[in-house]
Amino acid sequence: MKTLRSHFRTATLALGIAGVLASQATPAAAADCYAIGQQVAEQNGGTLAKASQSTRGGQEVCVIVVLVPGKNGQRPRRSEIVVPAN
């Protein structure tokens, strides 16, 4: 019969492996979202503030935040744009 320590060790190992696998996939997706974000910011005449990957409706998307300059010296306007990740 397994002891509590043995169960804990197995669970820790499984979580560690899952974390390593997830971390290997994330940088490429984040880099893709950043590149997409730069294009979106350029198209909107603004500055890229944030680019992150998310899942919405079961689909991988990039959430892009662009700061668009205000008119007549006003504050920049924050614009959040969601685009497909692929």
Side-chain angles (χ1 to χ4, degrees):
M1 191 157 110
K2 288 188 173 185
T3 64
L4 181 59
R5 179 178 286 172
S6 178
H7 285 294
F8 183 72
R9 189 176 299 139
T10 303
T12 303
L13 180 62
L15 286 174
I17 291 171
V20 168
L21 293 175
S23 69
Q24 290 175 349
T26 304
D32 290 344
C33 283
Y34 185 79
I36 292 169
Q38 287 179 320
Q39 291 175 353
V40 169
E42 185 178 315
Q43 290 170 354
N44 288 291
T47 305
L48 177 62
K50 181 180 176 184
S52 59
Q53 184 178 17
S54 181
T55 303
R56 294 193 180 175
Q59 181 182 11
E60 294 295 318
V61 296
C62 293
V63 179
I64 310 299
V65 177
V66 177
L67 296 177
V68 180
K71 295 179 182 176
N72 300 326
Q74 293 181 347
R75 294 176 35 175
R77 191 171 37 92
R78 181 183 186 274
S79 179
E80 185 174 296
I81 302 156
V82 179
V83 295
N86 45 1

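Looking only at side-chain heavy atoms (C-beta outward), V66 and E80 stay at 4.5 Å or farther from each other. In this structure the side chain of Q53 never reaches within 4.5 angstrom of the side chain of V61, judged on heavy atoms.
In plain terms, the two heavy atoms of S52 and C33 that are nearest each other are O-SG, 4.0 Å. Residues P69 and G45 share a closest heavy-atom pair of CD-O, 3.3 Å.
Linking Ile, Leu, Val, Met, Phe, Trp and Tyr whenever their side-chain heavy atoms come within less than 4.5 Å leaves V65 and I36 in two separate clusters. Hydrophobic clustering (side-chain heavy atoms under 4.5 Å, transitive across Ile, Leu, Val, Met, Phe, Trp, Tyr) groups V68 together with V40.
Note that NZ of K50 is 7.5 Å distant from CZ of R78, once rounded to the nearest 0.5 Å. Between L48 atom CG and Q39 atom CD the span is 11.0 Å, to the nearest 0.5 Å. Atom SG of residue C62 and atom CD1 of residue I81 lie 12.0 Å apart, to the nearest 0.5 angstrom. Atoms CD1 and CG, from I64 and N44 in turn, are 10.5 Å apart once rounded to the nearest 0.5 Å.
Atom CD of E60 is surrounded by more than 12 heavy atoms from other residues, nucleotides or ligands within 6.0 Å.
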